[in-house]
Amino acid sequence: AALGEPPLLGGAEAAPEAPVTPAPDNSGLTVAESEDFRTAEEALKRGEYVDAATRFATFVQEYPSGPLTVDALLFQGEALEGVGEMRAAARAYLSAFSAEPNGPRAPAAMLKLGTSLGALGQQNEACLMLSQLLVRFPDSAAAQGAGAAQGALGC
């Protein structure tokens, strides 16, 4: 205790305090992350699908492992569906599922992926995805949708 403060390496003086970065809000999001997601979500709600798809794609690039990344991928898929880009929508749904295959949004991602594959004419793949959803998440809300989608596809 009697030694005092050790000198800084190189004889440099103490650096000024770093600027304070915004603290994450209660959900673990930074202010910028929350605002970017909200802006993209509002574009989707307004039916501005191209803008929403672009904003969600940017969000995923900027926050690749954030708490809203899977949601952003799902919403990106919905926006892409809105402009008729089913192949790109299917890729977004696959990315959402792959990011958290056992997460809370996995059943919804599987349902969206299965129905988008069906819309692309890939019936075998769609039926397989929907049946896997029923096996893996039988008690999920998405399971009901999977059953209906299987019926529509003739699985």
Side-chain angles (χ1 to χ4, degrees), residues 15-153 155:
E17 286 189 33
V20 177
T21 57
D25 64 16
N26 292 337
S27 64
L29 303 175
T30 64
V31 172
E33 188 174 4
S34 181
E35 180 64 24
D36 290 349
F37 188 87
R38 189 181 62 72
T39 301
E41 189 175 32
E42 287 173 358
L44 180 62
K45 288 178 183 176
R46 287 191 304 268
E48 298 169 359
Y49 300 121
V50 172
D51 184 38
T54 301
R55 288 180 183 276
F56 282 121
T58 301
F59 183 92
V60 170
Q61 287 177 337
E62 290 183 10
Y63 312 103
S65 59
L68 291 176
T69 300
V70 172
D71 289 326
L73 287 164
L74 288 170
F75 288 148
Q76 179 186 15
E78 289 179 16
L80 291 164
E81 276 190 58
V83 292
E85 295 289 334
M86 290 306 294
R87 190 166 307 283
R91 280 192 295 270
Y93 297 139
L94 177 58
S95 293
F97 174 71
S98 298
E100 291 184 6
N102 296 310
R105 304 290 275 157
M110 290 181 82
L111 176 59
K112 292 285 198 171
L113 178 56
T115 57
S116 62
L117 289 170
L120 289 167
Q122 298 178 16
Q123 183 176 359
N124 291 338
E125 293 85 353
C127 290
L128 178 62
M129 181 60 60
L130 295 169
S131 66
Q132 283 298 307
L133 186 154
L134 292 170
V135 168
R136 291 185 61 182
F137 305 103
D139 298 326
S140 69
Q144 291 178 336
Q150 282 182 319
L153 288 168
C155 297

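- Ring geometry, Phe59 versus Phe37: the interplanar angle exceeds 60°, so the pair is classed perpendicular (tilted spans 30 to 60°).
- Looking at Leu117 and Tyr93, their side chains never come closer than 4.5 Å, going by heavy atoms from C-beta outward.
- Arg55 and Ala40 get closest at one heavy-atom pair: CB-CB, 3.5 Å.
- Heavy atoms only, all atoms of each residue included: Ala146 and Leu111 are closest at N-CD1, 3.6 Å.
- Atom CG in Leu74 sits 11.5 Å away from atom CZ in Phe97 (nearest 0.5 Å).
- A salt bridge links Arg38 with Glu35: at least one charged nitrogen is closer than 4.0 Å to a carboxylate oxygen.
- Contact between Pro104 and Glu100 at its shortest, heavy atoms only, is CD-OE1, 4.1 Å.
- A distance of 9.0 Å separates CE of Met110 from OG of Ser140, quoted to the nearest 0.5 Å.
- Here the closest non-hydrogen pair linking Ala126 and Gly118 is CB-N, 3.4 Å.
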> Taking it one step at a time, do Ser131 and Gln150 satisfy side chain to side chain contact (heavy atoms under 4.5 Å, CB included)?
Replying inline: CA-CA 8 Å; Ser131 66; Gln150 282 182 319; 3.6 Å; yes
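- Other residues, nucleotides and ligands contribute more than 12 heavy atoms inside 6.0 Å of the CD atom of Glu62.
- Just one residue in the list Leu44, Leu80, Thr54 forms a side-chain contact (heavy atoms from CB on, under 4.5 Å) with Tyr49, and that residue is Leu44.
- Expressed to the nearest 0.5 Å, how far CD of Glu78 lies from OG of Ser116 amounts to 11.5 Å.
- For the pair Leu73 and Thr69, the minimum side-chain heavy-atom distance is below 4.5 Å.
- Atom-to-atom distance recorded for Arg105:CZ and Lys112:NZ is 9.5 Å, nearest 0.5 angstrom.
- Nearest heavy-atom pair across Leu130 and Ala149 is CD1-CB, 3.7 Å.
- Side-chain N or O atoms of Arg136 include one that pairs as donor or acceptor with a backbone N or O of Pro101 at under 3.5 Å.
- For Phe56 against Gln76, the heavy-atom pair with the smallest separation is CB-CB, 3.7 Å.
- Residue-environment remark: CZ (Arg87) stays at or below the threshold of 12 foreign heavy atoms within 6.0 Å.
- Considering CD of Glu42 and CG of Asp51, their distance stands at 11.0 Å, rounded to 0.5 Å.
- Atom CG of Leu120 and atom OG1 of Thr115 lie 10.0 Å apart (nearest 0.5 Å).
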